[in-house]
Amino acid sequence: ELGVVARPNEAALPRHRLAAHAPETSRLVYGTWRLLNDPTPPTPRELLARLQRCADLGITTIDTAEIYGKYRVEEAIGAALALDPGLRNRVEIVTKAGIYVPNAFHPDRNVSYYDASGARLIKSLEKSLRFLGVDHVDLFLVHRPDWLTSPDSTAEGLNRLLKDGKIRAAGVSNYDVHQFAALDAR
C-alpha cells in the first residue's frame, strides 16, 4: 500500500518531457523490476488496483522490461490492463529490450548476452506488445549497450518501430555519452 493520501484525479505531481519529440511522463515512475519477487506475487486484480492507485496519485508512467521477472512481468501488467482497458489511456508505458538470459521460455539459451540488433529489437518489442496487450508503447529503450552490433543496425530497428507506430519514442538505458552520441547520429 502506498503511504500517500490523495483523492482520485486531484494528483498534482509534476510532469516531465525527456525531449521535444518524446511523450510526457510523470516525474515519479512505477518500476516493475521486482514486481513478481514477492513470496505471493500480485494477482492481476491486485496489480490493477496498484496501477489505478498510482494513476490516481499522478504516477502515470510504468517502467518495465522484457527481462523483468524472468520474462513474465510484461504479461502480468497486460493481464491487469485487460481488466480495465480505459487505464491504458491514463498511463505511459516504458519498456526495454536487449538483454537475453537462459530461461524457461528459451531452454536453448546457454549463456546470457546482449543483442541490440534492429531485427532482435523489433522481435522483442512485438512480443512485448502482445504480452502487454497494447498496440504501442510510449517509450522503448535499448536496455544495455551491445558491443557486437553496429549503431546503424540498432538505429534501423528503432526507426522502423517509430515509423510503424509501435513506439512513440526511442531511447537507451545504461549507455555512456559517447555510445549515445554514436546511436543518436543515425
Side-chain angles (χ1 to χ4, degrees), residues 2 4 6 9-35 50-69 73-74 77-78 80-81 86-99 114-118 120-129 131-147 149-186:
L2 295 172
V4 179
N9 303 321
E10 289 188 16
L13 285 179
R15 306 286 295 161
H16 183 70
R17 191 176 304 275
L18 296 172
H21 64 280
E24 192 175 80
T25 60
S26 56
R27 270 301 206 20
L28 292 177
V29 175
Y30 182 72
T32 63
W33 177 23
R34 298 181 183 261
L35 179 70
R50 287 185 196 181
L51 297 176
Q52 289 171 327
R53 182 72 172 141
C54 283
D56 289 345
L57 294 171
I59 304 168
T60 61
T61 304
I62 302 167
D63 173 73
T64 192
E66 177 184 34
I67 193 173
Y68 288 179
V73 166
E74 289 179 331
I77 294 169
L81 290 173
L87 182 59
R88 176 60 182 104
N89 296 325
R90 297 177 58 205
V91 299
E92 304 83 38
I93 298 175
V94 177
T95 195
K96 299 174 280 303
I99 302 174
Y114 302 144
D115 185 348
S117 65
R120 180 69 245 185
L121 293 174
I122 290 168
K123 186 174 181 179
S124 291
L125 188 272
E126 288 174 345
K127 180 178 67 85
S128 293
L129 295 176
F131 280 11
L132 291 164
V134 299
D135 64 354
H136 74 280
V137 296
D138 299 284
L139 178 58
F140 182 53
L141 302 175
V142 180
H143 210 153
R144 295 267 179 193
D146 170 7
W147 295 101
T149 297
S150 76
D152 291 324
S153 175
T154 301
E156 183 179 308
L158 295 174
N159 285 326
R160 167 58 48 201
L161 291 168
L162 283 163
K163 184 177 179 198
D164 291 349
K166 294 180 180 180
I167 62 176
R168 289 184 57 207
V172 296
S173 175
N174 301 298
Y175 274 51
D176 67 30
V177 69
H178 304 291
Q179 293 163 328
F180 176 81
L183 182 59
D184 193 42
R186 272 79 185 162

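In what follows, residues are counted from 1 in the order of the sequence shown.
Tested against Ile122 for a side-chain contact (heavy atoms from CB on, under 4.5 Å), the candidates Arg160, Glu156, Lys127 yield a single pass: Arg160. When the options Glu24, Glu92, His16 are evaluated for a side chain to side chain donor-acceptor pair (under 3.5 Å) with Thr61, the one that passes is Glu92. With Val94 as the fixed residue, the side-chain contact (heavy atoms from CB on, under 4.5 Å) test singles out one of Thr32, Asp63, Ile62: Asp63.
Applying the side chain to side chain contact (heavy atoms under 4.5 Å, CB included) rule to Ser153 yields the partners Ser117, Thr149, Ser150; only residues at least two apart in sequence or on another chain are considered. Every residue meeting the side chain to side chain contact (heavy atoms under 4.5 Å, CB included) condition with Arg168, not counting sequence neighbours, appears here in chain and number order: Pro23, His136, Asp138.
Contact check for Arg15 versus Thr60: side-chain heavy atoms found under the 4.5 Å cut-off. A heavy-atom distance below 4.5 Å is found between the side chains of Tyr30 and Leu35. Contact check for Leu139 versus Leu18: side-chain heavy atoms found under the 4.5 Å cut-off. Side-chain contact between Leu158 and Leu183 is present, with heavy atoms from C-beta onward closer than 4.5 Å. Contact annotation: the side chain of Leu129 approaches that of Val134 to within less than 4.5 Å [non-hydrogen atoms, C-beta and beyond].
Annotation: the span from Ile67 atom CD1 to Lys96 atom NZ amounts to 10.5 Å, rounded to 0.5 Å. Distance check: Ile93 CD1 to Ile77 CD1 gives 7.0 Å after rounding to the nearest 0.5 Å. The OG atom of Ser124 lies 7.5 Å from the CG atom of Asp115; values are rounded to the nearest 0.5 Å. With values rounded to the nearest 0.5 angstrom, Ile167 atom CD1 is found 5.0 Å from Leu161 atom CG.
Heavy-atom minimum distance, Arg88 versus Leu81: N-CD2, 4.5 Å. Asp146 and Tyr175 make their closest contact through N-OH, 4.5 Å (heavy atoms, listed as atom of the first residue, atom of the second, distance). Shortest non-hydrogen contact noted between Ala22 and Ala169 is CA-CB, 4.2 Å. For the residue pair Val137 and Leu125, the shortest heavy atom distance occurs at CG2-CD2, 3.9 Å. Of all the heavy atoms in Ser26 and Gly58, the pair that sits closest is CB-O, 3.2 Å. Residues Ala155 and Arg186 approach most closely at CB-CB, 3.4 Å, considering heavy atoms.
With a 6.0 Å radius and a threshold of 12 heavy atoms from other residues, nucleotides or ligands, Gln52 has its CD atom above the threshold.
Tyr68 and His143 have perpendicular rings, their planes meeting at more than 60° on a 0 to 90° scale where under 30° would count as parallel.
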Handout entry: Verdict with supporting geometry, Glu74 and Thr64, side chain to side chain donor-acceptor pair (under 3.5 Å)
Key = CA-CA 7 Å; Glu74 289 179 331; Thr64 192; 4.9 Å; no

Exercise for the section: Take Arg27 and Leu13 through the side chain to side chain contact (heavy atoms under 4.5 Å, CB included) test and state the conclusion after the steps. Expected result: CA-CA 7 Å; Arg27 270 301 206 20; Leu13 285 179; 5.6 Å; no

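In this structure, the side chain of Asp164 does not engage the main chain of Lys166 through any donor-acceptor pair within 3.5 Å. Side-chain N or O atoms of Gln179 include one that pairs as donor or acceptor with a backbone N or O of Asp176 at under 3.5 Å.
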